[in-house]
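In what follows, a structure is listed as structure tokens, so that the remarks can point back to it.
The analysis underlying the following values was restricted to heavy atoms, covering all of them including side chains, and did not include hydrogens, waters or symmetry mates. Position 1 is the first residue of the sequence; numbering continues from there.
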Amino acid sequence: MIDLDAPIVPWDGIGNIKLYSTIDELKEIVEDKDTRIFEYYENLVRYEVPGKIYLFFNLINGKLFKITALEKYRGALFEQIRIGMHIKEVLGIEPSFQYDEFEEVYCSPKGIHIETDAEHNTVQWISVFVKELEQEDFEEGNW
């Protein structure tokens, strides 16, 4: 069900998995024997498909709000940006990324976060998320 070669599409999805999908719609993935679950806030949970993706759900509304591509993911963001690329190359392709020192990620107003390996400055993870993530009532599931 996860297409590791599918494009990474801001505000939309990764691996042919769509943001706003429900846990029930992704039951095959979240209930797989290799998938691990982590609660990280009171009503938020992360499912990890090792080395491939993270799926973040709000448990109040049951919806997927963030997807992160990990080291085994081969698809590209903007048809060019991939896991393992040097951040200088990424910034040459997409100059909208700015480094957020508090979060320690590169952020784009286009709905993307990139985390880099501190030692080599290469892309470690690429995340896309829903627009509502920054809303004050996000955690209450009002989206």
Side-chain angles (χ1 to χ4, degrees), residues 1-23 25-30 32 34-143:
M1 188 166 191
I2 302 168
D3 181 355
L4 296 176
D5 296 305
I8 297 170
V9 184
W11 309 124
D12 185 58
I14 292 178
N16 286 336
I17 297 171
K18 301 289 187 189
L19 292 167
Y20 301 97
S21 295
T22 65
I23 292 174
E25 291 170 333
L26 299 175
K27 197 173 203 165
E28 182 180 318
I29 296 170
V30 300
D32 185 271
D34 294 328
T35 300
R36 295 182 269 177
I37 184 171
F38 301 90
E39 272 191 53
Y40 68 99
Y41 288 115
E42 188 174 327
N43 294 311
L44 305 178
V45 67
R46 180 186 85 204
Y47 287 90
E48 178 183 344
V49 180
K52 298 175 182 175
I53 62 170
Y54 290 152
L55 302 171
F56 296 82
F57 289 91
N58 180 307
L59 293 177
I60 293 175
N61 64 16
K63 292 181 186 176
L64 181 63
F65 67 88
K66 179 177 164 184
I67 308 170
T68 300
L70 305 174
E71 66 270 9
K72 293 180 184 175
Y73 199 85
R74 299 179 298 266
L77 171 67
F78 304 132
E79 300 179 1
Q80 299 175 67
I81 299 171
R82 298 180 188 282
I83 306 292
M85 287 179 72
H86 196 281
I87 194 62
K88 285 184 182 179
E89 190 176 356
V90 170
L91 296 174
I93 294 167
E94 181 52 56
S96 72
F97 283 104
Q98 299 293 318
Y99 189 71
D100 180 321
E101 292 198 24
F102 179 75
E103 296 290 336
E104 298 182 333
V105 296
Y106 286 86
C107 303
S108 168
K110 295 180 180 182
I112 312 146
H113 290 162
I114 289 181
E115 185 167 328
T116 56
D117 172 87
E119 186 177 337
H120 301 101
N121 290 316
T122 55
V123 175
Q124 191 170 20
W125 301 340
I126 301 173
S127 297
V128 298
F129 47 88
V130 299
K131 292 178 182 180
E132 294 86 353
L133 188 62
E134 301 300 321
Q135 289 181 355
E136 191 173 303
D137 62 351
F138 168 78
E139 287 186 33
E140 285 79 43
N142 296 325
W143 47 278

Q: Assess whether side chain to side chain contact (heavy atoms under 4.5 Å, CB included) is satisfied between Ile67 and Leu19, documenting all intermediate values.
A: CA-CA 7 Å; Ile67 308 170; Leu19 292 167; 3.8 Å; yes

Q. Step by step, would you call Lys110 with Glu94 a side chain to side chain contact (heavy atoms under 4.5 Å, CB included)?
A. CA-CA 10 Å; Lys110 295 180 180 182; Glu94 181 52 56; 3.1 Å; yes

(Q) Apply side chain to side chain contact (heavy atoms under 4.5 Å, CB included) to residues Ile114 and Ile81 and explain how you reach the verdict. (A) CA-CA 10 Å; Ile114 289 181; Ile81 299 171; 4.3 Å; yes

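Of the inter-residue distances, the one linking Asn142 atom CG with Glu132 atom CD reads 11.0 Å to the nearest 0.5 angstrom. In this structure, CD on Glu48 lies 10.5 Å from CD1 on Ile53, to the nearest 0.5 angstrom. How far CE of Met85 is from OG1 of Thr116: 13.0 Å, rounded to the nearest 0.5 Å. The distance from the CD1 atom of Ile23 to the CD1 atom of Ile29 is 12.0 Å, given to the nearest 0.5 Å. Between Asp32 atom CG and Ile2 atom CD1 the span is 8.0 Å, to the nearest 0.5 Å. Of the inter-residue distances, the one linking Ile87 atom CD1 with Tyr99 atom OH reads 10.0 Å to the nearest 0.5 angstrom.
A donor-acceptor pair is defined here as one N or O able to donate and one able to accept, closer than 3.5 Å; no such pair exists between the side chain of Asp137 and the backbone of Glu140. Judged by distance alone, the side chain of Asn58 and the main-chain N or O of Phe138 form a donor-acceptor pair under 3.5 Å. Looking at Lys88, its side chain never comes within 3.5 Å of a backbone N or O of Asn121 through a donor-acceptor pair. Looking only at distances, no side-chain donor or acceptor of Thr35 sits under 3.5 Å from a matching main-chain atom of Val30. A donor-acceptor contact shorter than 3.5 Å is absent between the side chain of Tyr73 and the backbone of Arg82.
Enclosure of atom NZ in Lys52 is not indicated, since only 12 or fewer non-hydrogen atoms of other residues, nucleotides or ligands lie within 6.0 angstrom.
Within the 4.5 Å cutoff, the side chain of Pro50 has heavy atoms near those of the Arg36 side chain. Using a 4.5 Å heavy-atom cutoff, the side chains of Leu133 and Phe56 are not in contact.
Listed by chain and residue number, nothing satisfies the ring-ring contact (aromatic ring centres under 6.0 Å, His included) test with Phe97 (two or more places apart in sequence, or in another chain).
Between Glu25 and Lys18 no salt bridge is recorded (no basic side-chain N to carboxylate O distance below 4.0 Å).
For the pair Arg46 and Tyr40, the cation-pi criterion (under 6.0 Å, within 45° of the ring axis) is not fulfilled.
Between Phe129 and Trp11, the ring planes are perpendicular. Angles over 60° get that label, and only those under 30° would be called parallel.
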